[in-house]
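One-based numbering, in listed order, for ligands and for the atoms of each.
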Amino acid sequence: MAAISSVTGAPHAAILGIGAYRPSREIPNSEVVEAIDSSDEWIQQRSGIKQRRWATPEETIQLMSVGAAREAIERAGIVPEQIDCVIVATVTHLLQTPAIATAIAHELGTQNAAAFDISAACAGFCHGVSLAADMVRSGSAGHALVIGVERLSDITDLYDRGTAFIFADGAGAAVVGPSDTPGIGPVVWGSDGEQYDLIRQKEDWRDVVGTPTVPGSGVMPHLVMEGNPVFRWASFAMAKVGQQALDRAGIGVDDLDVFVPHQANMRIIDAMARSMKLPQHVRIARDIAEQGNTSAASIPLALHRMIEEGEARSGDTALLIAFGAGLAYAAQVVTVP
Ligand SMILES: CC(C)(COP(=O)(O)OP(=O)(O)OC[C@H]1O[C@@H](n2cnc3c(N)ncnc32)[C@H](O)[C@@H]1OP(=O)(O)O)[C@@H](O)C(=O)NCCC(=O)NCCS
C-alpha cells in the first residue's frame, strides 16, 4: 500500500474581516401592508421590523456577493489571490447549476480558488464558517471566504400574510484565516428533519416551468412558512443550542460581549436572550428592524452593523447562532475581527 502524504494547516482559525452589501431599495412597512391587510403597528409589534431592503434587478446575487466580499477581503488585510476557497451560502441563486461561487471567485480575482454553494437556508453562514475554520486548520485552504447572500424578494409571495413582511435581500461575507489563538470555537450544529416542511419552497420547479400562473404569484415558486411552530422551536430549542456552543467553547454567558442570533424576528431574539439568561452587558444584534430577515446573509450583516456602530469591538467574544428551513441550525463562539 502506497503511503499517502497528509497536510496540516494553521494551529487556529479566526474571522479576519467582515463585509456587507445592503441593497439600495428601502421598503417601509407602509409599502407591504396593503397586499396583506396588515399595519405598520402589527408588523412592528409581532416582528420588530420597521423596514426591509430589497434588491433592484441590477443588484444580483453575484453583484451583492462581490461587494460584501471585497470589503471583507480589504478588512482582513489580504488580497484575493490568497483565497483558496469560496463558499457561498444561499437558497436564492435560482439556477440549479453551476454554483454561483465559481463566478464570484473569478470576478474577485482569486487564483482558481475552489468554489461551491451550500444550501442550509438561514443557518448557511454559520455552516460555512465551520467548514472554513476546519479547512484552515486542516491545511486544505490558507484563507477561505464565506458569503451569505439572498434575494428572498424573488421568491416571496407579496400576498402571503405570513411571509411578505419578513423576508429581504442582502449579502454578508467573512474571510476566515490562520490565527495564533483560537478565534472560532467548536460548532454545535444539527438538523430536525421531522420538521422539514415548516419553511419550504411551495412549488416544485418542475410544476412551474412553462406554467403561466401559479396561484397568487406569477410563475415563481414561493417560500411558505408555518410561523407559529417555527417561532416556538426557535425561541426555546435554539437557546439550548446557544448554551451548548458556549459550553463547547469553554466559556459562560458572563464572558460574552456580543450576541448575534439569526435575525428572524425581534421577539425570537428577545426570547432567546431571556432563556439563555444573558447578562445586561451583552450587546444584542437587532439588525432586523432596518433590514428584515435575509436568511443566510443575516448574521454577517448584523455583525457588520454592530462593528460599524461600535457595538462590537475587535477582540470581543461573540456568540453566533443561525437556524431556519430544514430545520437546520449551527452556532459557534467567535472573536470579533
Ligand atoms: C410570522 C409571525 C410574525 C406571525 O405572528 P404570530 O403571532 O404567530 O401570528 P399568528 O399567525 O398566530 O396570527 C395572530 C393573529 O394575527 C393575524 N395575522 C397574521 N398575519 C398577519 C399580518 N401579516 N398582518 C396582520 N395580522 C396578521 C392572524 O389572522 C391572527 O388573527 P386572530 O388572532 O384574529 O385570529 C410569527 O409566527 C413568526 O415570527 N414566526 C417565526 C418566523 C421566523 O422566524 N421565520 C424565519 C425563520 S428562519
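In terms of modelled atom types and a separation under 3.5 Å, the side chain of Gln51 and the main chain of Glu290 share a donor-acceptor contact. Between the Trp54 side chain and the Phe167 main chain, a donor and an acceptor come within less than 3.5 Å of each other. Using modelled atom types, no side-chain atom of Asp169 and backbone atom of Pro23 make a donor-acceptor pair closer than 3.5 Å. The main-chain N or O of Ala20 is found under 3.5 Å from a side-chain atom of Glu71 such that the two form a donor-acceptor pair. Asp134 places no side-chain N or O within donor-acceptor distance of the main-chain N or O of Leu131, the cut-off being under 3.5 Å.
Within the listing of ligand 1, atoms 48 (S) sit less than 4.0 angstrom from a heavy atom of Cys122. The distance from ligand 1 to the heavy atoms of Phe165 drops below 4.0 Å at these ligand atoms: 3 (C), 23 (N). Near Asn265, meaning under 4.0 Å from any of its heavy atoms, are these atoms of ligand 1: 3 (C), 38 (C), 39 (O). Proximity to Phe323 (heavy-atom distance under 4.0 Å) selects the following atoms of ligand 1: 48 (S). Ligand-side atoms of ligand 1 in range of Met225: 42 (C), 43 (C), 45 (N), 46 (C), range being under 4.0 angstrom from any heavy atom. Residue Phe231 has at least one heavy-atom neighbour below 4.0 Å for each of these atoms of ligand 1: 38 (C), 39 (O), 40 (N), 41 (C). Within ligand 1, the atoms closer than 4.0 Å to a non-hydrogen atom of Ile199 are 47 (C), numbered from 1 in the order shown.
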Salt bridge (charged side-chain N to carboxylate O under 4.0 Å, His left out) between Lys202 and Asp160, intermediate numbers included:
CA-CA 12 Å; Lys202 190 171 162 198; Asp160 178 5; over 6 Å; no
**Request:** Evaluate the criterion salt bridge (charged side-chain N to carboxylate O under 4.0 Å, His left out) for residue pair Arg52 and Glu31; output intermediate values, then yes/no.
**Result:** CA-CA 10 Å; Arg52 72 282 301 131; Glu31 279 191 41; over 6 Å; no
Exercise for review: Applying side chain to side chain contact (heavy atoms under 4.5 Å, CB included), run through Met238 and Ile321 and close with a yes or a no.
Suggested key: CA-CA 8 Å; Met238 289 304 100; Ile321 174 159; 4.1 Å; yes
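Atom 19 (C) of ligand 1 has Trp42 CZ2, 3.6 Å as its closest protein atom, hydrogens excluded (heavy atom only). At the shortest separation from atom 13 (O) of ligand 1 among protein heavy atoms lies Arg46 NH1, 4.5 Å.
Protein non-hydrogen atoms do not reach within 4.0 Å of atom 35 (O) of ligand 1. Counting protein heavy atoms under 4.0 angstrom from atom 25 (C) of ligand 1 gives one or more. Taking a distance limit of 4.0 Å, we find that atom 43 (C) of ligand 1 is approached by some protein heavy atom. Contact annotation for atom 31 (O) of ligand 1: protein absent (non-hydrogen atoms, distance under 4.0 Å).
Looking at His262 next to ligand 1, no N or O pair under 3.5 Å apart turns up. The N/O atoms of Gly227, backbone and side chain alike, include one that comes under 3.5 Å of an N/O atom in ligand 1. The N/O atoms of Asn293, backbone and side chain alike, include none that comes under 3.5 Å of an N/O atom in ligand 1. The shortest N or O to N or O distance between Ser38 and ligand 1 is under 3.5 Å. For ligand 1, one of its N or O atoms has an N or O atom of Arg161 under 3.5 Å away.
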Which donor-acceptor pairs under 3.5 Å do the side chains of residues 93-105 make with protein atoms, sequence neighbours left out?
residue	atom	partner	partner atom	Å
His93	NE2	Pro98	O	3.3
Thr102	OG1	Ala99	O	3.1

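Heavy atoms of Ser47 come nearer than 4.0 angstrom to ligand 1 in no pair at all.
Contact annotation for Ile268 and ligand 1: only side-chain heavy atoms (C-beta onward) come within less than 4.0 Å of the ligand.
Among Val32, Asn228, Ile43, Asn29, the residue whose heavy atom lies closest to atom 11 (O) of ligand 1 is Asn228.
Counting heavy-atom neighbours within 6.0 Å of Glu81 CD, excluding the residue itself, gives a total above 12.
Defined by atom type and a distance below 3.5 Å, a donor-acceptor pair is present between the side-chain atoms of Glu59 and Tyr21.
Using cut-offs of 30° and 60° on the angle between ring planes, the pair Trp189 and His127 is tilted.
Side-chain contact between Gln111 and Ile83 is absent, with no heavy-atom pair separated by less than 4.5 Å.
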